[in-house]
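In what follows, a single structure is set out as C-alpha cells and then discussed.
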Number of protein chains: 2
Amino acid sequence: MILQKKKTFNDFAAAKGLRSTRQRDVILDMFLSTHQHVSVEDLYLKVKASHPGIGYATVYRTLKLFAESGLAREILLHDGQTRYEHVLAGEHHDHLVCTGCSAIIEFEDATIEKLQEEIALRHGFQIRSHKMEIYGLCADCSAKGQA
Amino acid sequence: MILQKKKTFNDFAAAKGLRSTRQRDVILDMFLSTHQHVSVEDLYLKVKASHPGIGYATVYRTLKLFAESGLAREILLHDGQTRYEHVLAGEHHDHLVCTGCSAIIEFEDATIEKLQEEIALRHGFQIRSHKMEIYGLCADCSAKGQA
DNA sequence: GTTTGAATGAAAATGAATATCAAAAGCACA
DNA sequence: TGTGCTTTTGATATTCATTTTCATTCAAAC
Ligand SMILES: [Mn+2]
Ligand SMILES: [Mn+2]
Ligand SMILES: [Zn+2]
Ligand SMILES: [Zn+2]
C-alpha cells in the first residue's frame, strides 16, 4: 500500500527527470502517515518536528508534486487553506463539511456523478474535474446545538 | 424587480438597525445593474468611475451585507477571486466553469439536489449550503482545441 | 443644533501562496 | 573519488486578495 504509493511517486519523478532528495523522501513518508485532509501548515509542522531543517517552501513545492503525480488531491474548502488528501486508485469522493467542528465526512454517489456528466453533455462541456461540497452541521454538532 | 430587491435590502438594513448611506445606495444600484458573477474588483472599478470617493473597503463590506441580506450570493471559484451573483427568490443553481475562457454556465438539477439531501440525511447531517462546480472546457473552447 | 455611535476611506496589516536567489546537494562522467 | 553542471533547497522577499485600524465624516435620535 505505502510501498505502492512510493512507487507511484518515484515513477513520476523518474519520468519527469526529478532528482531524489532526502527532503522529498521525508515529506512523502510524513504525508503517507497522515490521515485525511492535511493543510500545508499541518504537514510542515509535522515535518519540522523531526526534521527542523526542512523549509516551508519545500513542503509547498513537494505537495504540489504529489498532486501532480496522482498521489494526492488538492482540496480547497471555505477556510482559505489548501488541503491535500490521499488519492486511492480509481476512487473519487466528495465532502460533507461541518461548519461547527470542521469535521469532514466523505461520500460517493454514482448517480450524481452520472447526472453531472449528462449536464455537461447537454451543454457540450468537457469535464476535467468537479467539486461538490455540502456545508452544514454534523450529527454531533446539531445535537449539541439543540441541547 | 429592482425595486423589490432594494426593498429586500432596506428591510434587512432596518431589521439590523443599519444606517442608510449614500454609499450603500450607490453600490446597490451598481450591483443591480451588473450581470452575473461580479468580482469585488469589478464592482469597485464600476463604482469608482461615477463615484470616485467611494473606497475599496466599503465595497467589500457592502457586498458582504448584500450576501447576508439574501440579495446576493458569494461564490468562490478556483481563481482566487470572490464573486457575487444575484439571488432570485427561491432559485438555486450551480456552475459549469470553463478553464479555457472563464465562461460560467449555470444549471439546475432537482434530482441532484434531492440526492444531496438523502446523503446528508444518511449521515445525520444538516445542510446549510452546498456548492457544486464542474470544471472543464466549454463547447467553444473544446472546438478550438481540436481545430 | 447638539450629541452619539455607526459608517467611511486611506492606509496598514494579514495570511496564504509564490518568487527569488545564493548556497547546498544530486548525478553523470572522467 | 573528484569535477562540473544542474536541480533543489531554504531563508527571505514579494504578491495579491481580503481584513483591520483608526481618525474623520455623517446619520439620525434628542
Ligand atoms: Mn476526502
Ligand atoms: Mn451563477
Ligand atoms: Zn461538527
Ligand atoms: Zn470556454
Side-chain angles (χ1 to χ4, degrees), chain A residues 9-10 12-31 37-69 72-84 102, chain B residues 9-31 37-69 72-85 102:
Chain A
F9 183 67
N10 290 334
F12 166 83
K16 262 214 139 187
L18 301 181
R19 292 181 179 173
S20 111
T21 70
R22 190 183 53 84
Q23 288 87 336
R24 296 212 264 239
D25 285 348
V26 169
I27 296 169
L28 181 51
D29 278 339
M30 291 292 188
F31 177 66
H37 317 120
V38 224
S39 71
V40 186
E41 175 82 14
D42 286 345
L43 193 63
Y44 169 65
L45 292 175
K46 202 167 143 75
V47 164
K48 204 175 65 165
S50 55
H51 296 77
I54 294 181
Y56 219 86
T58 301
V59 176
Y60 265 93
R61 288 187 282 232
T62 305
L63 281 171
K64 284 223 170 289
L65 285 178
F66 292 170
E68 207 184 328
S69 77
R73 182 159 73 123
E74 208 174 275
I75 51 184
L76 290 91
L77 304 180
H78 276 191
D79 68 344
Q81 281 221 301
T82 301
R83 291 169 185 280
Y84 289 85
S102 301
Chain B
F9 183 68
N10 291 334
D11 289 352
F12 165 82
K16 261 214 139 187
L18 302 180
R19 292 183 179 172
S20 110
T21 71
R22 190 183 53 84
Q23 288 87 335
R24 296 213 263 237
D25 285 347
V26 169
I27 296 169
L28 181 50
D29 279 339
M30 291 291 187
F31 176 67
H37 316 120
V38 224
S39 71
V40 187
E41 174 83 15
D42 285 346
L43 193 63
Y44 169 66
L45 291 175
K46 203 166 140 75
V47 164
K48 203 175 66 165
S50 55
H51 296 78
I54 294 181
Y56 220 86
T58 302
V59 176
Y60 265 94
R61 289 188 278 232
T62 306
L63 281 171
K64 285 224 169 288
L65 285 177
F66 292 170
E68 207 185 328
S69 77
R73 182 160 73 122
E74 207 174 275
I75 49 184
L76 289 91
L77 304 180
H78 277 189
D79 68 344
Q81 281 221 299
T82 301
R83 292 169 185 281
Y84 288 85
E85 68 178 352
S102 300

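Note on naming: letters A, B, ... go to the chains in the order of the sequence lines (proteins, then strands), and numbering restarts at 1 for each one.
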- Query: Given that Arg24(A) and Val40(B) both sit by DNA chain D, which one's nearest nucleotide is further toward the 5' end?
  - Reply: Arg24(A)
- Query: Between Tyr84(B) and Glu74(B), what is the shortest heavy-atom contact and its length?
  - Reply: OH-OE1, 2.9 Å
- Task: Work out which heavy atom in Gly55(B) is nearest to a heavy atom in Tyr44(B); give both atom names and the distance.
- Result: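 It is C-CE1, 3.8 Å.
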- Task: For DNA chain C, determine which residues of residues 76-85 of chain B have any heavy atom closer than 4.0 angstrom to one of its atoms, and list them numerically.
- Result: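 Per residue number, the list is empty: none.
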- Identify, residue by residue, the members of residues 42-61 of chain A with a heavy atom below 4.0 Å from DNA chain C, and return them in order of residue number, or none.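 Residues of residues 42-61 of chain A under 4.0 Å from DNA chain C: Ala57(A), Tyr60(A), Arg61(A).
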Which distance, rounded to the nearest 0.5 Å, do you find between the [atom1] of [X] and the [atom2] of [Y]?
| X | Y | atom1 | atom2 | value |
| --- | --- | --- | --- | --- |
| Leu76(A) | Leu77(B) | CG | CG | 11.5 Å |
| Tyr56(A) | Leu43(A) | OH | CG | 10.5 Å |
| Asp79(A) | Gln81(A) | CG | CD | 5.5 Å |
| Arg24(B) | Arg61(B) | CZ | CZ | 9.5 Å |

- So Phe9(B) and Phe66(B), would you call those rings parallel, tilted or perpendicular, with 30° and 60° as cut-offs?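 Judged by the thresholds at 30° and 60°, the geometry between Phe9(B) and Phe66(B) is perpendicular.
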Close N/O contacts between protein and nucleotides 27-30 of chain D (under 3.5 Å):
{"residue": "dA27(D)", "atom": "N3", "partner": "Arg19(B)", "partner atom": "NH1", "Å": "3.2"}
{"residue": "dA28(D)", "atom": "OP1", "partner": "Ser20(B)", "partner atom": "N", "Å": "3.1"}

- Length of the line joining Gln23(B):CD and dA6(C):C1', which is rounded to integer Å: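 So the two atoms are 12 Å apart, to the nearest Å.
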- Message: So Lys64(A), base contact, sugar-phosphate only, or nothing? Heavy-atom distance under 4.0 Å.
- Response: sugar-phosphate
- Task: Check each of Val40(A), Asp42(A), Val38(A) against Arg83(A) using the side chain to side chain contact (heavy atoms under 4.5 Å, CB included) test, and report the only one that passes.
- Result: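 Among Val40(A), Asp42(A), Val38(A), the one that satisfies the side chain to side chain contact (heavy atoms under 4.5 Å, CB included) with Arg83(A) is Asp42(A).
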- Item | 4.5 Å side-chain heavy-atom contact, Leu65(B) and Leu18(B) |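 Leu65(B) reaches Leu18(B) side chain to side chain.
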- Item | Test item: His51(B) and Ile27(B) side chains (from C-beta on) under 4.5 Å apart, heavy atoms | no
